[in-house]
Every structure is written in C-alpha cells, then in structure tokens.
Amino acid sequence: GALLIAPNFIDWNRHKEPLAAHATAYLGREVKIGGDITFRLLPNPQLSVADVSVAAAEGAQQKHVLSLRQLEAKVRFRPLLEGRIEIEKIHLVEPELVLEIFADGRAGWQGLGEGDAARRPFTFGRGGETVKLEDVTLRGGRIRYIHETAGVDIGFDRLNLSVAAPSLRGPYKILCD
C-alpha cells in the first residue's frame, strides 16, 4: 500500500535534472525542464511537466527545436500491469516546433531522437500494437519553418489538433482547427 501512495509525497521537482538528462540521452539534444513536475500514481498514473524545451541543432537561428508551456499525460493503470500502454490523455499546451533548413542544406531536426538511449531496444509488449492513444491534444500550437538559403521564415499560429488511434500502427483519427 505504501508504495502506491509514496509518489504523492515525493517532491518531483528535485528530480528535474535526472529526468532532463534521460530525455537528453534519448533525443540526443539538451532537454530543459524549467517549470514544475507533478506525478500521481492512483487512480491512474498522471504526469504534468511545465516549461519544457529541446535545444536546436548547432548553428540554428533559434534556440529550441521544440518548446512547450505544459505537458500533461495520463495512462491507464491496469493495462500497464498487462504489458500494454493505454494513453488516456496527452495534452500539449502552447507547443512550438521550429523546422529549420540550414544554409548547407542540413535539416535542423536531423539526428533528433537518435541519442544513445534511443538506440537501445524498447521491449514492452508487442511494439506499436500495445500502445493505444485515446486523447492526444495540442492547444495553441505554433509551427515555424525557416529556410536560410531561400530566405523563408513562415509561421503557423494558434494550431489546435486532436489525435486518437487504437494502436501506433493506426488507423489515426486526426481533427484540426
């Protein structure tokens, strides 16, 4: 019983640096967590992280390739015990994605997700079939596209998106406004 209650009494903010270091090792880019972290195990595991940023590649015009004001995630507890992940909710508040093409032709997002930790095999259930996405939302998002050689710098603001899928293999239901 105590093991299930303990996460509610842990100051998760004390673990920002190790969590950011793990994310950095996975993404191959520096990840910073500037805001609060909260975690709750019952009735369903729920995580909230504020002010998250992922560093842009060296030579980028912008400091970050991705930043967001808030990430909230909630998964169902019982399926975890059965080796499946059912994501009840992922909510991204004000995410900004910067897609940049450098003067030398390299894409600024190249290598993202190719850190040392990403090369280790993921062994939870049967791959994409064990992950169910019920409610993934993005609110107040922004995508910015920069092409240095062409002189293009365009942004798409106030993006709202909702995604659902029975597995990572799809089919996906995507709604935008």
Side-chain angles (χ1 to χ4, degrees), residues 10-40 45-75 85 87-122 128 131 133-165 168 172 174-177:
I10 294 172
D11 179 6
W12 291 98
N13 290 311
R14 291 181 47 215
H15 302 281
K16 280 183 197 180
E17 287 184 27
L19 290 171
H22 284 294
T24 296
Y26 184 82
L27 293 175
R29 301 277 176 85
E30 182 181 21
V31 175
K32 289 187 178 178
I33 302 171
D36 287 337
I37 299 173
T38 58
F39 178 73
R40 187 179 74 206
Q46 187 168 343
L47 173 71
S48 177
V49 183
D51 189 19
V52 179
S53 62
V54 178
E58 190 173 321
Q61 289 183 16
Q62 299 300 303
K63 222 165 100 170
H64 304 112
V65 67
L66 176 67
S67 61
L68 52 100
R69 186 167 64 89
Q70 185 83 21
L71 175 141
E72 299 170 1
K74 188 175 185 182
V75 298
I85 300 173
I87 299 171
E88 184 176 336
K89 173 180 89 166
I90 293 179
H91 186 65
L92 304 175
V93 179
E94 296 176 16
E96 181 175 0
L97 177 64
V98 179
L99 304 173
E100 186 171 349
I101 305 293
F102 302 135
D104 64 6
R106 289 181 301 126
W109 59 90
Q110 265 180 308
L112 191 62
E114 295 179 5
D116 291 338
R119 292 186 186 101
R120 294 186 204 122
F122 178 70
V131 179
L133 304 172
E134 287 187 19
D135 181 21
V136 178
T137 58
L138 178 145
R139 294 288 173 245
R142 182 168 201 258
I143 296 176
R144 185 171 174 196
Y145 176 74
I146 302 169
H147 193 295
E148 291 181 20
T149 307
V152 174
D153 187 339
I154 188 168
F156 302 94
D157 295 322
R158 296 186 300 271
L159 300 173
N160 298 311
L161 176 74
S162 179
V163 178
L168 290 180
Y172 288 88
I174 300 173
L175 302 172
C176 298
D177 63 40

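Just so you know, residue 1 is the first one in the sequence shown, and it goes up from there. All figures in this text were calculated on a predicted structure; none of them were measured in a lab.
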(request) May I ask you to test the D51-I33 pair for a side-chain heavy-atom distance under 4.5 Å? (result) no
(request) Report the distance from atom CD1 of I143 to atom CD1 of I154, rounding to the nearest 0.5 Å. (result) 11.5 Å
(message) As an exercise, state the distance from CD of E96 to OG of S53, rounded to the nearest 0.5 Å.
(response) 11.5 Å
(request) Rounded to the nearest 0.5 Å, what's the gap from CG on L47 to CZ on R40? Could you check? (result) 11.0 Å
(message) Could you check whether any side-chain N or O of H64 sits under 3.5 Å from a backbone N or O of S67, counting only pairs where one atom can act as donor and the other as acceptor?
(response) no
(message) If you define the side chain from C-beta out and look only at heavy atoms, does anything of I101 sit under 4.5 Å from E148?
(response) no
(message) I'd like to check V93 versus L68 (side-chain heavy atoms, cut-off strictly below 4.5 Å). Are they in contact?
(response) no
(request) Compare every heavy atom of A56 with every heavy atom of Q62, then report the nearest pair and how far apart it is. (result) O-CB, 3.2 Å
(message) Can a donor-acceptor pair be found, under 3.5 Å and without considering hydrogens, that links the side chain of K32 to the backbone of A55?
(response) no
(message) The criterion is side-chain contact (heavy atoms from CB on, under 4.5 Å); which residues satisfy it with E94, sequence neighbours excluded?
(response) R69
Which atom pairs, donor and acceptor, lie under 3.5 Å between side-chain atoms of residues 155-163 and protein residues at least two apart or in another chain?
| unit_1 | atom_1 | unit_2 | atom_2 | d |
| --- | --- | --- | --- | --- |
| D157 | OD1 | R142 | NE | 2.4 |
| N160 | OD1 | G140 | N | 3.0 |
| N160 | ND2 | D177 | OD1 | 3.0 |

(message) Check whether T24 reaches the backbone of V31 with its side chain - one donor and one acceptor, N or O, closer than 3.5 Å.
(response) yes
(request) Give, for atom CG of D153 and atom OH of Y145, the distance between the pair rounded to the nearest 0.5 Å. (result) 11.0 Å
(message) Quick one, H15 and E17 - any side-chain contact, counting heavy atoms below 4.5 Å?
(response) no
